Amino acid sequence: MDRIAITGGARLKGEIPISGAKNSAIKLMAASLLTDEPLRLTNMPRLADTRFLGKLLQRLGTEVSESVGTDGAETLLTTREIVSGFAPYDLVRQMRASFTVLGPLLARTGQAKVSLPGGCTIGARPVDLHLMALEALGAKIEMHEGYVYAQAPRGLKGAVIRFPINSVGATEHAILAAVLANGDTVLENAAAEPELADLADCLNAMGAKVAGAGGRTIHITGVSRLHGASHSVIPDRIETGTFAVAAAMAGGEVRLTRTRSDFIQPLIDKMVEAGVEVTPQEDGLTIKRDGGRLRAVEIETGPYPEFATDLQAPFMALMTLADGESVVRETIFENRFMHVPELGRLGADISVQGDMARVRGVEFLTGAQVMATDLRASVSLVIAGLAARGETMVNRVYHLDRGFERLEEKLGACGAQIRRLTSEDATEEVE
Ligand code: EPZ
């Protein structure tokens, strides 16, 4: 199994180009099921998760080909015909977002059998709101032996759907199903993450009529068919925020390019409050920190545009060395503090009570063997390792490979002492 070794203490200087957003790319790939014409996605991240969804789509009938163009990596997806409406447990279990193929399959063919995703390390993560939305659109849903059987033989019908909470996945799923429904759909209390607007832009380029995505109310006028299109994936705001925190942790000056600073404004506000210099630019931002201890600040995660839950673990790593006590409150997922004991192995002083972690800043961290059970927790250990004394060895690197493209190369190019140790018996495990 691959591991990443980091020798802490090197200051960072240089530029890091940000990749296309993983959490957008996956849903955009699923959108290719809605048309028999080619969908060309550019600025695509090359990640374990996108490869993984590509494999599932191929089983459903999509031809997937990859190339490189002027706007980075490209993926061409063509689903002339859905050859199977069946997404088996083994594939959905390994990546929850695979569940999103249910809506497009249903919209295009009137039926689908998709495995329930099952448990997850960061929280229960039910899919009740996904199913509620599909039922509101007229789907008949039954569940047997861990599978969702969905049918809409006469097609889906537009509806008014009010979500009780902001769910990224359920909102995306409802849009993906409603674009081919008969009539108008209104989604109220929708999630407003930038990935929603990206999905709507791509679908509109394919001939859909989606208005208001990126806000709390989304209007969709169903159309009878969609056509091919070319779409550039938005920059990954979580990768942007993670490298911003990494630069602040290590110290030095790093410019993040091919991205947007407005996507991570709450993080920037907190970094500035902690004493980091952040300068937004047209195509990204520069992070600067010259020695001296940071101040402890409090954060609370929330739906966009609040502080992103996916940046909570990286920010907590930064706070381990701050002066004073920082309070971190996680309101999105109930089990998202798995990095705490691992940061403790590096010498961090953190206690957790319910949805709140208290981080008492220490003078220094010391390298150790660590591992984590999800992507964002894993990268928080890399960030801590950048500033820890001696060597930190992060095990289970496949979590990082799910969501970060060439992480060690990007950090290494700025002077981080980081290297991947490969092993023949690398295995892929589940989230
Ligand atoms: C997306 O997950 C992202 N994943 C997550 O990123 C991210 O942390 C999350 O949104 C929040 O921003 C992808 O886009 C692939 P939700 P998603 O539905 O859509 C509850 C990463 O590391 N809920 O917005 O699954 C749920 O349990 C990943 O890249 C229900 O109760 O998140 C949670 O408490 C991890 N019923 C809250 O809503 C439902 O049917 C928000 O979850 C659906 C969700």
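These numbers come from a predicted model, not from an experiment. Counting starts at 1 for both ligands and their atoms, in listed order. What you see below is based on every heavy atom in this structure, not just the backbone, and it leaves out hydrogens, waters and symmetry mates.
- Residue contacts with ligand 1 for D310 involve side-chain atoms from C-beta outward but no N, CA, C or O (heavy atoms, distance under 4.0 Å).
- No donor-acceptor pair closer than 3.5 Å links the side chain of T240 to the backbone N or O of T259.
- A donor-acceptor pair shorter than 3.5 Å can be found between the side chains of R46 and T75.
- With ligand atoms numbered from 1 in the order given, ligand 1 contributes 20 (C), 31 (O), 38 (O) to contacts under 4.0 Å with heavy atoms of I165.
- Within ligand 1, counting atoms from 1 as listed, the ones closer than 4.0 Å to a heavy atom of G169 are 18 (O), 19 (O).
- For ligand 1, the atoms sitting less than 4.0 Å from at least one non-hydrogen atom of I332 are 33 (C), 34 (O), 41 (C), numbered in the order shown with element in parentheses.
- Q265 and D269 are linked by a side-chain donor-acceptor pair at a separation below 3.5 angstrom, with hydrogens and angles left out of the test.
- Within the 4.5 Å cutoff, the side chain of H219 has heavy atoms near those of the T217 side chain.
- Comparing R336, R96, R402 against atom 35 (C) of ligand 1, the shortest heavy-atom distance belongs to R336.
- Listed by number with element, the atoms of ligand 1 under 4.0 Å from a non-hydrogen atom of K22 are 21 (C), 29 (O).
- In terms of N/O distances under 3.5 Å, ligand 1 is approached by V168.
- Results of the side chain to side chain contact (heavy atoms under 4.5 Å, CB included) test with I287 over V245, V276, I268 single out V276 as the only residue that passes.
- Proximity to K27 (heavy-atom distance under 4.0 Å) selects the following atoms of ligand 1: 13 (C), 14 (O), 15 (C).
- Side-chain atoms of R376 and T242 form no donor-acceptor pair, as typed in the model, at a separation below 3.5 Å.
- Contacts between Y304 and ligand 1 below 4.0 angstrom, taking non-hydrogen atoms only, are absent altogether.
- Of the listed options P126, A21, A133, P164, P126 places a heavy atom closest to atom 43 (C) of ligand 1.
- Each of the atoms 21 (C), 22 (O), 29 (O) of ligand 1 lies under 4.0 Å from some heavy atom of R376.
- Side-chain atoms of S19 and E405 form a donor-acceptor pair, as typed in the model, at a separation below 3.5 Å.
- For ligand 1, the polar-atom distance check against E334 finds no nitrogen or oxygen pair separated by under 3.5 Å.
- Distance alone, capped at 3.5 Å, is enough to place a donor-acceptor pair between the T79 side chain and the S32 backbone.
- With ligand atoms numbered from 1 in the order given, ligand 1 contributes 2 (O), 17 (P), 25 (O), 27 (O) to contacts under 4.0 Å with heavy atoms of R125.
- An N or O contact shorter than 3.5 Å is missing between L375 and ligand 1 by distance.
- Taking a cutoff of 4.0 Å between a charged side-chain nitrogen and a carboxylate oxygen, K27 and E172 qualify as a salt bridge.
- Counted within 6.0 Å of NZ on K113, heavy atoms from surrounding residues, nucleotides or ligands total more than 12; the atom is thus considered enclosed.
- Only the side chain of T309 comes within 4.0 Å of ligand 1, counting heavy atoms alone; its backbone N, CA, C and O stay farther away.
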